[in-house]
Structures are given as C-alpha cells and as structure tokens.
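Computed from a prediction, not measured in an experiment: that's the story for all the values here. Throughout, numbering of the chain's residues begins at 1 and tracks the sequence.
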Amino acid sequence: MEWRCNEERIPFVSFRNHDADMYVEEPDDGEENQENEHQEDVDKEAEELLDPASPQGALLSTPLCPPEEIQQGSVDHTHDDSVLSPEAEDDGYVSWRKRKKHFFILSHAGKPIYSRYGDEHKLAGFSATLQAIMSFVENSGDRIKYIRSGDHQIVFLVKGPIYLVSISSTEEPVHSLEGQLELLYSQLLLILTKSLEKCFLRNAKFDMRSLLGGTDAVFSSLIHAFSRNPASFLHSYTCLSLPYSTRQAAGAALQDIIDNNVLFALLLCGSKVVSLIGTRKASLHPDDLFLLSNFVSSSTHFRTTESFSPVCLPQYNASVFLYSYVQYLDANTCLILLTADADGFFYLKECRARIEVILTESHVLQEIGNSVLKGGLRVEDLPIESLVQDDRNQRLSDLAGETRRRIVGLGGVAGLWHFIYRSIYLDQYVSSEYSPPLDTCQDQKRLFRAYQRLYASVHNGSAGTHRMQYRRDDNYVLLAWSTQDFELLAAFDPLAEKSSAIAVCNQVCQWLRNVESEIFLFGASPFSW
C-alpha cells in the first residue's frame, strides 16, 4: 500500500499491502497533531485494518456492484438477506457489501451519523473502523485523501469534528467524489448550521442522529442527484425555458416585495429557476440554491401545506439560520421567501398572497405549465440552415442534407445526441432533453458519468483558459470546449467525425445565443463569492 503526500516535492513512505494506493495530504508547517486519548487502541485497530487476513481488511477488499447486479443464489453465511430492505442491512450482509456506492457521515469519535444504506445503529462497528483509518493517518502527521483498491476507491473528507466517507466502484473521478462529499456536508449544515461543532466541543461522544430525525429523504435525494443533476458538478443552476416577457413579469412580482425583511425571493419549477431576486447586498450561491431546492423538493410536507422553517445557507453564512417561507402555488411552481426574522411568517404570508395574485393575473403560472408540457431544448431542433449557407464547406452541406433525411428521434445533426452549455458569467447552464438513443435511465447515467470524467479532466489540467478535448469510445464521441465565456459538453454518435462534431458545436453555441433571453435569467446581480 502506498501512502502519497499531496505535494509532489514532498517524499512519501511506502508500505506494501493489498496492491492499493492510499493518498494523504501533509498539513501545513507548524500544524500540531491532535492528541488522542485512546492512541494505543486506535493504532492497534488501524494495524488490524491494514492486515488482509483480518475481518475488516477482508471487508474493504470485497468488490462492490449495483443492487441489480447481485447474482441470484449468492449465499451469506451470516445473514439471510433474500427479502431485506436497504434500511435494515448492515456490513454483515452480502447485499450491503455489494452496493455500488456508499456514503457515510460520522463523528470524529467514530459515532455513525448517516449511512446511505443500512441501519446506522448496526453500522457502529464499521464507522469505528473508518474513524480508525483516518485517526491512524492523522496521528502520524498526515491527512488522508483517498484509497484505491481494485475496482473501487474510498474518498475521505474531514470537516472539523465531522468525517465524511464515500466508497464506490463507479469509476467517477476522485475530484468529483470529493465535491459530492462537500455538498453532503453543506446539506448537513443547511439543516443544523456550523454551530453543531459546539456540541462536539462540549461532548466528543455527542450523538447527532437525534437532531436529524426525518431527514434521510433529503440526503437520499441529494445522493440521487449526484448521478442525474449537472448542477452537482457544474456548480451552476438552470432556468426554466420561458418567453422573455413572462420571466420579466415574474421578476417584477418578486421585486415588488423585496425589502429589509426579505433577503431572497425564489420562484422554482422543480429544480429549475423561474426567477430569483435578492437584496442589493446579498448574493445567493448556486450551491446554496441547489441544496435549498433539494431540501424543499425531497419532502412531501412542503407540497401539502405552507411552511416556515429554519434553514442555513452555507455559502451565504454557515453559522446562522435564515427562515424560509415555502408555498407551492400549483403542482409545478414553488415560491420560497427567505428572511432573517424568526417572527416573519405572517408578513411573508401576505407577500405570498400579493405575488400569487400578480402571477395569476399576468398568466405567468399558465406559461410555466405550458413550458413544463413542452419540455426543454432538443437536439433535433438544432437549426441547420446556417450550416448550408457556407458554400466554402460542401461537406457540411452534404451533412445537412443527410440530417433532413434522418428518422426523427435518432439524434440531431452529425449524430449529436446531447449537450450541456454553461455560461460562466451568469453561473447558469442549459442542457438538452434526453431522447433516443439515450432513452433509458442506464444510458443517461452512463453519459452523465462520462460528462463528469470529461469535465474533471478539463478542470484538473493545465492547458490554459481555452481548452478543448475530444474523446471517442464504444459508446459515443465526447467533446469538451472551455473558454473564458462558456463551457460546452457534447455527446455524439460514436461514428461522428471530429471536424463535423466541432462544426456542430459552433452551431449549438450560435443557436443558444439566439435564444438566450428565453433560457437564461438576466438582470440578476452577479454572484460575488
């Protein structure tokens, strides 16, 4: 097993075990190692963990696979898990060990706080094992980042007294998994604020699970979004496609109630923004918007009644609560008003009533419903007239002619299957709707993770501010284009040629510029983080 420091100039010590790589980050000069009251016990447990003959070492060497890939007839000599729900599992079940992606939150004392699969009470021993690994490395003056072993990797994140761990075999980049752990921690802060650290200062063995009762659906929804929602790695938000006049009317309705008592007013349709207004000195980070949207949409309670709940926006201020007034105006549209006034419920209720009247009279709610039925941008709708106007490129002219003869629903021009476009200045993105041949959840998840790897490759490299990557495999051709103004990720038919793919990407950018007033929110103050 190799332990590698984060800085290349720092030498690393090497231990041989498991054919695995463990990467650790050395702390800054002068940083003191934390004392551990039970040092001898921790060292003994960590050394046992590194022994492949030990039960813990054998457990971490067990390959992970998705639930649907669990082979029938597998026998667990410890438990009968043939009709077991994920919530009732523990680390003794074969089905639990074969889950493809785990997330854990635990305290620095090893107490479990959250587990994606299984009962936290039954996973206390496994949580203690994870804590032992992290403490073993920290007590030697290093900081563990991740471990690679076989086809899966274990990623660690330390946030004061909170430890977060991801164990997966999804082939996602480490950078992406670290970002997911950061969002998971931020979701925890949204519910409890950073003041939770004070609880651990008073009592290192404090059990936080009592404060998180009923929030499993929030974390589960967030983890599900890690494989579905581009906002999880783009750190931007997307808007509902609407006529410019409709969005302006929605913004005017929200602007009318913004004052010292209302910090932010948001009109959402699912996870998409209809309009967003904030006070002049306040800015809402896209990650806070993403987590707040997840918090609201993952609970059926918000859909059935008006609610007034304390929430924390970690990027805005991680130490204090704001108060959110949430009311669904119809089946699609949700209004969220944020205030610092704990007694502001009735005032915000009056504001909601005024907004609802304006949105109804101006037919904004009706237009939102029409947009939901219509759907978003489709690659089949990409204009091709401009491709044939350039006589200097006969090849594209022939290509456009072939596109007209395509069967509808089999992709766009030059075999374009899907794209994601991000405006860097606006911190907003737009993506095309999935359509055949990307019409199954498995195909969409595969493409999403391919985008993750491509995006991480672009941003972890040193190619400068204008970067382009072109990749081809058995599933598709992928193209990434990053400039100072925008970023574009596109997927093509695996037989698409590079020159044609680049030409079509240029056409996509031009198309989006022509309809930008409908797909982006303009007029909001630039974010200031």
Side-chain angles (χ1 to χ4, degrees), residues 187 190-191 214-215 217-218 220-222 224-225 228-229 231-232 236-242 246-258 262-278 282 284-313 316 322-339 344-376 428 519 521 524:
Q187 189 74 78
L190 184 140
I191 299 171
T215 60
V218 177
S220 296
S221 175
L222 178 64
H224 182 74
R228 298 291 190 277
N229 194 332
S232 62
S236 300
Y237 65 93
T238 187
C239 295
L240 183 70
S241 181
L242 285 171
T246 301
R247 200 181 306 278
Q248 287 293 97
L254 299 184
Q255 186 68 59
D256 187 53
I257 57 95
I258 288 292
V262 182
L263 290 176
F264 300 103
L266 298 87
L267 196 61
L268 302 178
C269 180
S271 62
K272 296 183 177 182
V273 174
V274 175
S275 189
L276 164 62
I277 301 294
L284 185 62
H285 194 285
D287 283 352
D288 285 343
L289 178 57
F290 172 56
L291 296 171
L292 179 61
S293 172
N294 177 71
F295 178 71
V296 172
S297 63
S298 61
S299 174
T300 57
H301 170 74
F302 289 112
R303 288 187 173 273
T304 56
T305 182
E306 60 183 346
S307 303
F308 190 69
S309 306
V311 295
C312 169
L313 302 181
Y316 179 74
L322 298 179
Y323 297 88
S324 64
Y325 176 92
V326 181
Q327 173 72 69
Y328 273 82
L329 306 182
D330 58 27
N332 301 311
T333 312
C334 175
L335 175 66
I336 302 177
L337 304 177
L338 293 169
T339 181
F345 171 78
F346 292 103
Y347 174 75
L348 296 183
K349 182 182 179 71
E350 295 176 0
C351 292
R352 186 267 306 165
R354 287 156 48 193
I355 292 173
E356 189 171 8
V357 170
I358 296 174
L359 295 180
T360 302
E361 293 178 348
S362 58
H363 304 292
V364 171
L365 296 179
Q366 180 180 349
E367 287 291 340
I368 292 174
N370 293 339
S371 179
V372 172
L373 293 175
K374 180 182 177 182
Q428 300 173 34
I519 60 177
L521 172 62

With distance as the sole test, does Arg352 use its side chain to make a donor-acceptor pair with the main-chain N or O of Leu329 at under 3.5 Å? no

Checking the side chain of Gln428 only, and the main-chain atoms of Leu521 only, is there a donor and an acceptor separated by less than 3.5 Å? yes

Would you say Ser241's side chain and Ile519's backbone share a donor-acceptor pair under 3.5 angstrom? no

Would you check if Ser299 and Val218 make a side-chain contact, meaning some heavy-atom pair closer than 4.5 Å? no

Would you say the ring centers of Phe295 and Phe302 fall short of 6.0 Å from each other? yes

Side-chain heavy-atom pair Leu338, Leu313 within 4.5 angstrom cut-off: yes

Is a side-chain N or O of Asn332 found less than 3.5 angstrom from the main chain of Val372, in a donor-acceptor match? no

Tyr347 side chain near Thr339 side chain, heavy-atom distance below 4.5 Å: no

Does any donor atom in the side chain of Thr333 or Asp330 lie under 3.5 Å from an acceptor atom in the other side chain? yes

Over all atoms of both residues, closest heavy-atom pair of Leu359 and Ala250: CD2-CA, 4.0 Å

Could you tell me which non-hydrogen atom of Leu242 sits nearest to which non-hydrogen atom of Val274, and how far apart they are? CD1-CG1, 3.7 Å

Anything under 30° is parallel, anything over 60° is perpendicular, the rest tilted; go ahead and classify Tyr325 against Phe345. tilted

Please find the pair of heavy atoms, one from His285 and one from Asp287, that lie closest to each other, and give the distance. ND1-N, 2.9 Å

Restricting to non-hydrogen atoms, name the atom on Ala231 and the atom on Ser236 that form the minimum distance, rounded to 0.1 Å. CB-O, 3.2 Å

Do Thr360 side-chain atoms and Glu356 backbone N/O form a donor-acceptor pair below 3.5 Å? yes

Over all heavy atoms of both residues, which pair between Leu337 and Cys351 is shortest? Give the atoms and the distance, please. CD1-CB, 4.0 Å

With rounding to the nearest 0.5 Å, note down the distance linking CG in Leu284 to CG in Leu276. 6.0 Å

